[in-house]
Asks: 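Take this structure, written in C-alpha cells, and hold onto it; I'll ask about it next.
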Number of protein chains: 2
Amino acid sequence: MQTNLTRKQQEVLDFLISNKDTFPHPPTLDELCLAMGLKSRGSLHKHIQGLINAGFVEAPNRKQRGVRLIEQTAADYTESPELPSKDQGTPFIGSIAAGSPIEAIPNISYMKIPDEIKTDNPCYILQIKGESMIDIGIFDGDWVIIEQQSHARNGQVVVALVDKTEATLKYIEQYPHETVLIPANKNMQAMHFAPTQVEIQGVLVGQMRSYK
Amino acid sequence: MQTNLTRKQQEVLDFLISNKDTFPHPPTLDELCLAMGLKSRGSLHKHIQGLINAGFVEAPNRKQRGVRLIEQTAADYTESPELPSKDQGTPFIGSIAAGSPIEAIPNISYMKIPDEIKTDNPCYILQIKGESMIDIGIFDGDWVIIEQQSHARNGQVVVALVDKTEATLKYIEQYPHETVLIPANKNMQAMHFAPTQVEIQGVLVGQMRSYK
DNA sequence: AAATAATTGTTCTCTCTTTGTTCTTGGTTT
DNA sequence: AAACCAAGAACAAAGAGAGAACAATTATTT
C-alpha cells in the first residue's frame, strides 16, 4: 500500500472524508459525480480504484453498496480537529439591483444556510432589489445564493457585470458574436452586448425569502 | 450481524423506528406497503427478510403477527434523540400538496436555516407540491418555513387542515360565519368553509428554493 | 358450530432500473 | 512521450417493484 495518490485521487479522497457525514448512505458513483461536478462514472471509477489499491476505500465486490471509506481512514479524520473548521456560514455581501453595481454593505455578515440551497463550492449571498426576475419567483427583497464562478452554460441565471460597472441577475445566452442577458419579467427587454462587455461573477443556486 | 443493509432495507428500518409508536399494533406487510407507498407485499417482504437476517426485526412466529423490531433495536433509538436537545436545526417533516394530508417523510431530517427566515418560536419545514401559491413566488418543490401556531390574522398565509384530512397552504380570511381559503393563483378559486371545518396548523414565515 | 370469506405471511416469476465495471476516444499537463 | 484525466458507450449483476398463487390463520356469516 503506497500513498502515491494523484492529484485527482487526493481530491476525491478529501471530498469523501469531509463529506462523509453529509451522505445518508455511502454515495454511489453517480452521486459522487454529481456532487463533484463530473459527468462520467467511468472516470470517477478509475480514481476510486486507485483509492482502493491505496487502502483508503473498501472494495465493493460488484455489490451496489456505495463508496465506503476504510474504517481506519474514516476514524483518522473524525477526532482530529482538522483545522479550527471555522465554518461561519455563507457571506452576505450586499444587494444587487438591475443596472447598478453591486452595493456592498459596510461589513459583511454571515448566514448559516442549509446545504440544500447551496453547493460545495464557494458561495455568497446577495439581496435582490427590483422586479427583474419575478417570473421565476425571485422578488424584491429576496436573498439569492450565488456560486462563485466565472463561466456559465446558456440558460443559467447569473450575476453578470456589464462594462465593469453594472451588475444584474439575469438569464444568460452566450454566442460567439454576442451575449444576451434576459430578465425573467415579461415587461422587460432582453439586452444584447459584445461578449467582452459581460463578465460572469457567479450562477444562481438558491433563494430565500422572509415573510415576517 | 453485520450492517450491510441495502438502501431500501435501511429506509424500511428507518421508517419502522421512527414510526414505531404510531402503530397501535405491529404493522402488517400490507399496512407498511400503504404507509410507504409500495404496491406489492412481495417486494416489501424481501426487505423485511433482509432486516430479519441482519437482526433488526423479529422473525415472525405463527402466533404474533405483524412486523416487530428487535427490542434492542427499538431501545437504541428511543432515548437518544430527545436527550441532547442541542440545536440540530429546524425539522423538515414532509410535503404539502393542496388537497391531500401532509405527507410525512419516513425519518425527519433537520435543516440549519438562518434566523432571517424563521422566528424564535417553534418552526418546521414543508416542501410544496403544486402551483397554488405561485403568484406570491412559492413554486412547486420550494421549501416553506412554518411557525407552529393555531391561530392567524386575516390575510396571513397559513397551513390549514380542512375536515381533519386535507392540508393546504393558503391565504386565510376568517369571519364569524365562514372561513375562506384563498390560493395565490389567478387560475384557482377561493374555497369557503364553516369555521369549524378549518384548523390552523401554522403560519408562513419563510421560504427557500434550490436551483441546483 | 360449521361453513365461508377475508387477511396475512410466503414464495415465485417477470420486468425494469440502478450500479459497478470495462473499454475506447480524445484532451490536457508535465 | 508519458502520465493523467474527462467523457461516453456498452454490459452484467444487483436491487427493486408488481403481481399471481398458495397455505395458514383469523374474522364473519350462516
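Numbers restart at 1 for each chain; the letters A, B, ... are given by sequence-line order, proteins then strands. All values derive from a computational prediction rather than experimental measurement. As a basis for the values below, the full set of heavy atoms in this structure was taken, side chains included, without hydrogen atoms, waters or symmetry mates.
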Asks: Name the closest nucleotide to the A/K39 side chain, picking from D/dA18, C/dT8, D/dG8.
Replies: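 Nearest listed nucleotide: D/dG8.
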Asks: Do A/R41 side-chain and D/dG8 base share a donor-acceptor contact under 3.5 Å?
Replies: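 A donor-acceptor contact between them is absent.
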Asks: So if I take every side-chain heavy atom of A/R7 and compare against C/dT11, D/dC5, C/dT8, which nucleotide ends up nearest?
Replies: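 When the side chain of A/R7 is considered, D/dC5 is the closest of C/dT11, D/dC5, C/dT8.
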Asks: Separation of B/N53 atom CG from D/dG15 atom P, in whole Å?
Replies: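 The answer, rounded to whole Å, is 13 Å.
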Asks: Separation of A/K63 atom NZ from D/dA14 atom P, in whole Å?
Replies: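 Checked: the NZ to P distance equals 6 Å.
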Asks: Do A/Q10 and A/D14 pair up side chain to side chain, a donor and an acceptor below 3.5 Å, judged on atom types alone?
Replies: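 Yes.
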Asks: May I ask you to decide whether A/R65 forms a salt bridge with A/E58, counting only side-chain N to carboxylate O separations under 4.0 Å?
Replies: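 Salt bridge flag = yes for A/E58 with A/R65.
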Asks: Angle between the two end axes of the helix from C/dA1-D/dT30 to C/dT30-D/dA1, five base pairs per end, rounded to 10 degrees?
Replies: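 Here the local axes at opposite ends form an angle of 30°.
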Asks: Decide yes or no, distance alone: a donor-acceptor N/O pair under 3.5 angstrom between the base of D/dG19 and the side-chain of B/S40.
Replies: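 Flag set: donor-acceptor pair detected.
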Asks: Hey, are B/Q207 and A/Q207 close enough side-chain-wise for a donor-acceptor pair under 3.5 Å?
Replies: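 Side chains of A/Q207 and B/Q207: pair found under 3.5 Å.
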Asks: Check the distance between D/dA16's P and B/L51's CG and give it to me in whole angstrom.
Replies: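 Spelled out: CG on B/L51 to P on D/dA16 is 11 Å.
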Asks: Mind calculating the distance between NE2 (A/H45) and P (C/dC23) to the nearest angstrom?
Replies: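 After rounding, the reported distance stands at 11 Å.
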Asks: In whole Å, I'd like the distance from the NE2 atom of A/H25 to the C1' atom of D/dG15.
Replies: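 From A/H25 NE2 to D/dG15 C1': 13 Å.
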Asks: Is atom NE2 of A/H177 surrounded by more than 12 heavy atoms (other residues, nucleotides or ligands) closer than 6.0 Å?
Replies: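 Atom NE2 in A/H177 is packed in, count exceeds 12.
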Asks: Ignoring the backbone of A/Q64, work out which of C/dG9, C/dT21, C/dT18 is nearest its side chain.
Replies: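 Of the candidates, C/dT18 comes closest.
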Asks: Hey, is A/D135 close enough to A/K186 for a salt bridge, meaning N to O under 4.0 Å?
Replies: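 A salt bridge is present here (some side-chain N lies under 4.0 Å from a carboxylate O).
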Asks: Under 4.0 Å, counting only non-hydrogen atoms across every strand here, what does A/L38 touch: a base, just sugar-phosphate, or nothing?
Replies: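 If one applies the 4.0 Å heavy-atom cut-off, A/L38 turns out to touch the sugar-phosphate alone, with no base involved.
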Asks: A/N61 CG to D/dG15 P: how many Å, rounded?
Replies: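 A/N61 atom CG is separated from D/dG15 atom P by 12 Å.
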Asks: What verdict does the side-chain hydrogen bond (donor to acceptor under 3.5 Å, both in side chains) test give for A/H192 and A/E178, after you've listed the backbone C-alpha separation in whole Å, the side-chain angles of each residue and the deciding distance to 0.1 Å?
Replies: CA-CA 7 Å; A/H192 301 251; A/E178 71 168 357; 3.1 Å; yes
Asks: Examine C/dT18: is either OP1 or OP2 under 4.0 Å from a nitrogen or oxygen in the side chain of B/K8? Give yes or no.
Replies: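 For B/K8, the contact criterion (side-chain N or O under 4.0 Å from OP1 or OP2 of C/dT18) is not met.
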Asks: What's the closest nucleotide to the A/H47 side chain, out of D/dC5, C/dT10, D/dG17?
Replies: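 Of D/dC5, C/dT10, D/dG17, D/dC5 is nearest to the side chain of A/H47.
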Asks: Nearest nucleotide by nearest heavy atom, which residue falls closer to the 5' end of DNA chain C, A/K46 or A/D30?
Replies: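 So the residue in question is A/D30.
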Asks: Go through the side-chain N and O atoms of A/Q197 and A/D163 and say whether any donor and acceptor fall under 3.5 Å apart.
Replies: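 Yes, a side-chain donor-acceptor pair sits under 3.5 Å.
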Asks: Go through C/dG9, D/dG19, C/dT21 for me and flag the one nearest to the A/L29 side chain.
Replies: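 In terms of side-chain proximity for A/L29, the closest of C/dG9, D/dG19, C/dT21 is C/dT21.
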Asks: Report yes or no: does A/D30 contribute a side-chain atom to a donor-acceptor pair with the main-chain N or O of A/R41 at less than 3.5 Å?
Replies: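 No, the answer is negative, given that no donor and acceptor are paired below the 3.5 Å cut-off.
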Asks: Which nucleotide in the set C/dT8, D/dA7, D/dC5 lies at the smallest distance from any side-chain heavy atom of A/T6?
Replies: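 Within the option list, the nearest is D/dC5.
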Asks: In whole Å, what is the span from the CZ atom of A/R68 to the C1' atom of C/dT19?
Replies: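 That distance rounds to 13 Å.
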Asks: Would you kindly check whether a donor in the side chain of B/S43 faces an acceptor in the base of D/dA18, or vice versa, at under 3.5 angstrom?
Replies: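 A donor-acceptor contact between them is present.
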Asks: Rounded to the nearest angstrom, tell me the gap between atom CE in B/M36 and atom P in D/dA16.
Replies: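 It is 11 Å, rounded to the nearest whole Å.
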